[in-house]
Amino acid sequence: MSETPVYPPSPEFVSKANVQGLEAYRELYRRAGERPEEFWGELAEKELFWFQKWSHVFEWNPPFAKWFVGGKTNVCYNCVDRHLSTPRKNKAAIIWEGEPGDQRVITYQELHRLVSRFSSVLKSRGYQAGDRAIIYMPMIPEAAIAMLACARLGITHSVVFGGFSAEALKARILDLGAVIVITADGGWRRGKEVKLKSVVDEALPECPSVRDVIVCRRTGSETGMAAGRDHWWHELDENASEDCPAEPLDSEHPLYVLYTSGTTGQPKGILHTTGGYLLQATMTVKWVFDLHEEDTFWCTADIGWVTGHSYIVYGPLSAGATTLMYEGAPDTPAFDRWWRIVEKYRVNIFYTSPTAIRALLRQGEKWPAAHDLSSLRLLGSVGEPINPAAWEWYYRVIGKEKCPIVDTWWQTETGAIMIAPMPGAVALKPGSGTLPLPGVDADVVDFAGNPVGADQEGFLVIRRPWPAMLRTIWGDGQRYKDQYWNRLPGLYFTGDAARRDADGYIWVLGRVDDVMNVSGHRLSTMEVESALVRHPAVAEAAVVGKPDEITGQAICAFVTLKSGNADHATLAKELRQWVAHEIGGFARPQEIRFSDALPKTRSGKIMRRLLREIVTTHSVSGDVTTLEDMGVVTRLAAQHDEE
Ligand code: WTA
């Protein structure tokens with residue numbers, strides 16, 4: 001590892017940082033490890049508002065955890081109300097820009113008004129703590145307002161990414177038993193309207209639990225409204241009361257369920273609860289993004305993914321930050337749209353994904369060069385390992401060699417960032433998430449759960465429960481146990497391969513299970529395979545992630561047909577469209593390969609790792625670290641397959 005460049009924080013950055021110097025980090029880490037209850041208890045008291053204090057910090061009934069047991073709090077109150085008695089009252093909470101160029105700046109006081117009104121609407125229609133709501137919206141402030149209003153009343157929400165199809169939406173509504181859907185007529189993406197309401201209309205006939213659909217008007221296009229079921233947000237809002245206090249909720253009250261891909265065809269509903277989740281989301285904003293009062297914080301994720309939950313809405317607002325939200329695509333109207341926004345709003349902290357960086361890098365330096373990016377002081381990355389070429393470009397062209405890059409490793413399941421540098425404390429090594437955060441007992445182990453030595457590859461695990469961890473899989477405690485805790489008994493199994501270098505830095509190499517990472521989005525091979533075999537022409541399908549320079553992995557499907565005499569080109573097109581319809585456009589396979597048979601073990605299991613090797617060794621291209629390490633992942637995956 002000797003040739004790995006190391007970037008220590010500049011003295012100037014350290015002098016203003018929330019955590020200054022490596023010793024300060026080590027001290028926090030040591031305290032959190034030695035006395036976790038005291039450590040988290042003190043932070044919970046200092047950093048969050050509680051209606052009622054907890055009786056004890058932590059209860060562990062393996063593998064089920066409770067944090068701040070008996071405590072009563074409210075996530076919305078912490079994100080909104082508590083700032084009103086401070087100088088943040090008229091500070092911008094949300095700065096929003098729509099793709100067409102419209103803009104809104106919503107102060108904390110205004111956010112309180114909007115959230116209270118929408119909470120009143122929900123309450124007056126009879127919704128209350130324990131109910132479940134689906135939020136299927138574009139990136140507009142009302143998406144955040146809907147989340148916060150649900151949290152205010154204790155309605156458990158599940159945000160479904162706007163790119164999911166009616167089939168996928170329906171599956172989530174049914175699994176959750178949702179009683180209400182909050183949506184919009186549509187949103188803008190690359191100059192076109194993404195019609196969300198019509199997708200809802202397609203999904204709902206088979207969802208008898210849903211009583212109401214609330215529709216926010218965004219695009220103003222023609223939208224059919226089912227009498228009795230569908231209501232315009234702005235009409236309900238007209239008479240809404242502004243007085244709708246936050247409910248004191250149990251610290252373990254279910255805040256949200258977010259569906260993510262596992263290793264089967266069925267997505268799993270990851271459950272996050274209240275107190276522990278919010279505490280770690282808040283702390284990581286302060287530790288990792290080094291949030292200062294005057295910062296404008298921009299996370300480019302969609303609110304439909306966990307990154308949007310924790311780092312557009314809950315973390316930044318709880319910390320009293322100004323959070324920026326942008327509706328549309330980075331290339332609309334041109335490839336400098338993001339840099340235009342950075343310049344216009346003087347963004348200080350910018351958090352995005354390697355796939356986006358690679359896509360922008362490809363367009364050349366002239367786009368960022370045309371804008372004043374001098375407000376930036378910290379950059380972040382999430383979603384997959386960042387390859388050296390993308391890191392270097394991000395550092396030099398966007399950060400002008402003065403902004404640390406925080407490479408943040410975490411998952412939907414972890415709720416908050418787990419492994420990342422505290423930028424005023426930890427020296428960076430491009431491609432590494434560096435060191436685990438306080439309270440995160442991360443390790444790299446072998447097949448038997450024993451730690452491997454320095455620079456050895458193994459499975460990334462977490463040894464001890466942490467406040468923001470998932471509590472279970474919605475409606476399926478057994479799957480929760482099997483998936484995360486029974487594989488390497490007593491350890492939380494992340495599904496990732498990693499190695500730790502001699503300095504203790506963790507290098508995440510990729511997934512070891514049948515989960516693909518396409519543009520930072522998780523998709524299981526089984527999910528795409530199940531969609532394919534539902535097509536009448538398909539006999540069998542095997543799907544693998546194929547290396548891709550921009551998206552990290554692209555979906556490659558090997559398909560055998562029921563009858564041999566089909567027109568392959570037409571059918572390939574049809575199958576790609578079919579998957580988009582079954583799951584969503586982002587799951588459309590890049591490539592369909594027709595084959596007479598698929599490689600199988602003697603017991604009839606498809607040997608995906610062979611297929612993975614076929615697609616990997618074909619197109620490994622220079623600078624994408626994930627690809628170079630694919631061999632490791634394949635080996636570890638093989639070890640895992642043989643289990
Ligand atoms: C991958 C996104 C390397 C990893 C927050 C993980 C990463 C999965 C990184 C979770 C990173 C995420 N370096 N790999 N900085 N961040 N991953 O649930 O494989 O959408 O298990 O959560 O993305 O994806 P998810």
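Numbering of ligands and ligand atoms starts at 1, following listing order. These numbers were taken from a predicted model, which means no experiment stands behind them. Side chains included, hydrogens not; waters and symmetry mates left out as well; all remaining heavy atoms used.
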Is there a nitrogen or oxygen of [X] sitting under 3.5 Å from a nitrogen or oxygen of ligand 1?
{"X": "T260", "result": "no"}
{"X": "R522", "result": "yes"}
{"X": "D496", "result": "yes"}
{"X": "G383", "result": "yes"}

Under-4.0 Å heavy-atom contact with ligand 1, by part of [X] that carries it:
{"X": "I386", "answer": "neither"}
{"X": "E384", "answer": "backbone"}
{"X": "R511", "answer": "side chain"}

Legend entry - Protein heavy-atom partner closest to atom 3 (C) of ligand 1 - residue, atom, separation in Å: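 So the nearest neighbour among protein heavy atoms is P385 N, 3.1 Å.
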Less than 4.0 Å between a side-chain N and a carboxylate O, is that true for [Y] and [X]?
{"X": "D175", "Y": "K170", "answer": "no"}
{"X": "D455", "Y": "R500", "answer": "no"}
{"X": "E392", "Y": "R358", "answer": "no"}
{"X": "D482", "Y": "R487", "answer": "no"}
{"X": "K546", "Y": "E591", "answer": "yes"}
{"X": "R608", "Y": "E529", "answer": "yes"}

Inset, instruction - With atom 8 (C) of ligand 1 as the reference point, say which of W410, Y311, W305, W507 has the nearest heavy atom. - result: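 Closest candidate by heavy-atom distance is W410.
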Inset, instruction - Go through the steps to decide whether E47 and K286 satisfy the test salt bridge (charged side-chain N to carboxylate O under 4.0 Å, His left out), and finish with yes or no. - result: CA-CA 11 Å; E47 301 283 341; K286 297 186 178 187; 2.6 Å; yes
Legend entry - Output field: ring centroids F493/Y484 closer than 6.0 Å: no
Provide the number and element of each atom of ligand 1 under 4.0 Å from a heavy atom of [X].
{"X": "T307", "answer": "5 (C)"}
{"X": "T408", "answer": "9 (C), 11 (C), 15 (N), 16 (N)"}
{"X": "N517", "answer": "1 (C), 23 (O)"}
{"X": "T412", "answer": "18 (O), 20 (O), 22 (O), 25 (P)"}
{"X": "V508", "answer": "3 (C), 14 (N)"}

Inset, instruction - Assess G433 for proximity to ligand 1: is some non-hydrogen atom of it under 4.0 Å away? - result: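 Judged by the 4.0 Å heavy-atom criterion, G433 does not count as contacting ligand 1.
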Inset, instruction - Could you point out which residue of V306, I419, L437 forms a side chain to side chain contact (heavy atoms under 4.5 Å, CB included) with W410? - result: V306
Legend entry - Backbone N/O of W474 and side chain of T472: donor-acceptor pair under 3.5 Å: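 Not a single qualifying donor-acceptor pair exists.
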